[in-house]
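Heads up, the thing below is written out as structure tokens.
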Number of protein chains: 2
Amino acid sequence: MKADKISEAVVRRLPVYLRYLNELHKREVTTVSSQELGQKLDLNPAQIRKDLAYFGDFGRKGIGYDVVYLIDKIRHILKIDQQINVALVGAGNLGQALSNYNAYLKDNMKIVAVFDSSPAKIGHQINTLTVQPMDELRETVRQLHIRIGIITVPDFEAQRVADEMIESGIGAILNFAPTIIKAPPHIRIHATDFTTDLLSLAYYLENGKDDNENDDQ
Amino acid sequence: MKADKISEAVVRRLPVYLRYLNELHKREVTTVSSQELGQKLDLNPAQIRKDLAYFGDFGRKGIGYDVVYLIDKIRHILKIDQQINVALVGAGNLGQALSNYNAYLKDNMKIVAVFDSSPAKIGHQINTLTVQPMDELRETVRQLHIRIGIITVPDFEAQRVADEMIESGIGAILNFAPTIIKAPPHIRIHATDFTTDLLSLAYYLENGKDDNENDDQ
DNA sequence: TAGATTGTTAATCGATTAACAATC
DNA sequence: TAGATTGTTAATCGATTAACAATC
């Protein structure tokens, strides 16, 4: 296939494929079919084939996909065949927790700097990193070629931090604060909100004991 | 409108509406239009009206929506007009960070118990909660009427923990481990995966310096 | 050759957006 | 009455799934 603009849904599945492919590789499996991938990842095999076909002909008819080859291809598509440096702003509990994921992010992504605006936090050590003051953001982003920012500050600070990140030249932001961040269209923003996730789960609970509803199941 | 089955996309927007409505209420705003909501939340006003109309006629033509009334309605729809108790399994950094969100979850959702399988963690204090051993899960779920579980254990333990939660009578799970959890269809599982979010962001970076691609923009 | 599995087209399904009559 | 805004239908858009020829 090739070309066409790729939908966000497709892009978000690529890391999921990659994760399972890495696991297969570790288990020394060399080949995998869309059928098996689909079963393991709860996805339709046709969808997986279509997703991959957007980027090239990676499989072999009658055989399936070569695990190592596909890993390489997906890493290239995601642009993680080069190291991508990440800055995290907000050295609270969540920020500290995420810093520990560096080990998981072995795929050439790395949190290389942590910032906070609170004097109480500055200078503290988080793993191998020292919490830096916000006014060093710009210079550090430049020096370390940081391209992605993670926001783990309280909601009322999130927009300001995003603005500073963008000012500093960061190209994409992962926002954990429960607020909608506005940014120019060339800056990519993904939001992930724990409270929203949790509240929406409640909707699907079957009705509790003290209950006399019967509208939606 | 009423009836029809409600799509997941709609349900996931309800907590977003609720969050902003709460903010409006705090600012003593009494009425809001779908237009203003849409602008603030980066959503299409028609979509907002349609979302809400699935559940009833909450607005007034020519006027908009009454903030307090709509808050009440959404809380009822999400079933958080009763308190919903939550258990968290995995008292690592992420688990501890999430426990601190109790303050944010004022909408009648509360993490009321924390578990871990590691003897080193059991007995530790996290805010007001004491980390309990896994074999107390079942009994605690029953006693405290816990209905939602949060999984913050390493990936290789996630499926087992989910199974135990389901065994214990938990009806919905929020999974932070980077693995696909299998469960019977009546158990709702939402996944939220930091590494997947971050890797997919890289795709959208404009091409870096050392680069000679020009296929996708 | 027979069996398996891809890449791709066509069919289906679902979600978003536009438009507008109803009405406050 | 004039202006604003809902609720809802119809139009559009996009994503998923089924089906199958191509081929390893």
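Below, chain A is the first sequence line, B the second, and so on; all start at residue 1. We use all heavy atoms of the structure for the numbers below, so side chains are in, but hydrogens, waters and symmetry mates are not.
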Rounded to whole Å, the CG-P distance (A:Asp57 to D:dT23) equals 11 Å
Whole-Å distance, B:Gln35 CD to C:dT17 C1', equals 14 Å
Below 4.0 angstrom from OP1 or OP2 of D:dC24, is there any side-chain N or O of A:Arg60?
no
Which of D:dT6, D:dT16, C:dG7 is nearest the side chain of B:Tyr65? It is D:dT6
Among C:dT6, D:dT17, D:dT16, find the nucleotide with the atom closest to the side chain of A:Ser33.
C:dT6
Among the nucleotides D:dT8, C:dT17, D:dC24, whichever has the atom closest to the side chain of A:Ile63 is D:dC24
Could you tell me which nucleotide pairs with C:dC24 by Watson-Crick or G-U wobble geometry, both distances under 3.5 Å, or answer none if nothing does?
D:dG3
Does A:Ser7 place a side-chain N or O at less than 4.0 Å from the phosphate oxygens OP1/OP2 of D:dG14?
no
Should the pair A:Lys73 and A:Phe55 be classed as cation-pi, given the thresholds of under 6.0 Å to the six-membered ring centre and 45° from the axis?
no
Among A:Val89, A:Ile148, A:Ile181, A:Val141, side-chain contact (heavy atoms from CB on, under 4.5 Å) partner for A:Met165:
A:Val89
Out of D:dT16, C:dG7, C:dA19, which nucleotide sits closest to the side chain of A:Gln47?
D:dT16
Interatomic distance, B:Gln39 CD vs D:dT5 C1' [rounded to whole Å]
16 Å
Here the distance between atom C1' of D:dT16 and atom OH of A:Tyr54, to the nearest Å, is 10 Å
Can you see if the side chain of B:Arg13 gets near the phosphate of C:dT16 - specifically, an N or O under 4.0 Å from OP1 or OP2?
yes
Whole-Å distance separating the CZ atom of A:Phe58 from the P atom of C:dT6
14 Å
Considering heavy-atom distances to DNA chain D, does B:Leu52 or A:Gly62 have its closest nucleotide positioned more toward the 5' end?
B:Leu52
From CG of B:Leu37 over to P of D:dT5, roughly how many Å is that when rounded to an integer?
12 Å
Minimum-distance nucleotide to A:Lys61 side chain [options: C:dG7, D:dT6, D:dT16]:
C:dG7
Given atom CD of A:Glu8 and atom P of C:dT16, what is their separation to the nearest angstrom?
13 Å
Listed nucleotide nearest any side-chain atom of A:Lys50, set C:dA10, C:dG7, C:dA18
C:dA10
Mind checking whether A:Tyr204 and B:His190 have parallel, tilted or perpendicular rings, split at 30° and 60°?
perpendicular
Return the pairing partner of C:dA19 with a 3.5 Å limit on both distances, Watson-Crick or G-U wobble; otherwise return none.
D:dT8
Only one of B:Asn175, B:Leu174, B:Ile189 clears side-chain contact (heavy atoms from CB on, under 4.5 Å) with B:Ile151; which?
B:Asn175
Please confirm whether the ring centroid of B:Phe58 lies under 6.0 Å from the ring centroid of B:Tyr65.
no
For the pair made of CZ in B:Arg49 and C1' in C:dT23, what is the distance, rounded to whole Å?
14 Å
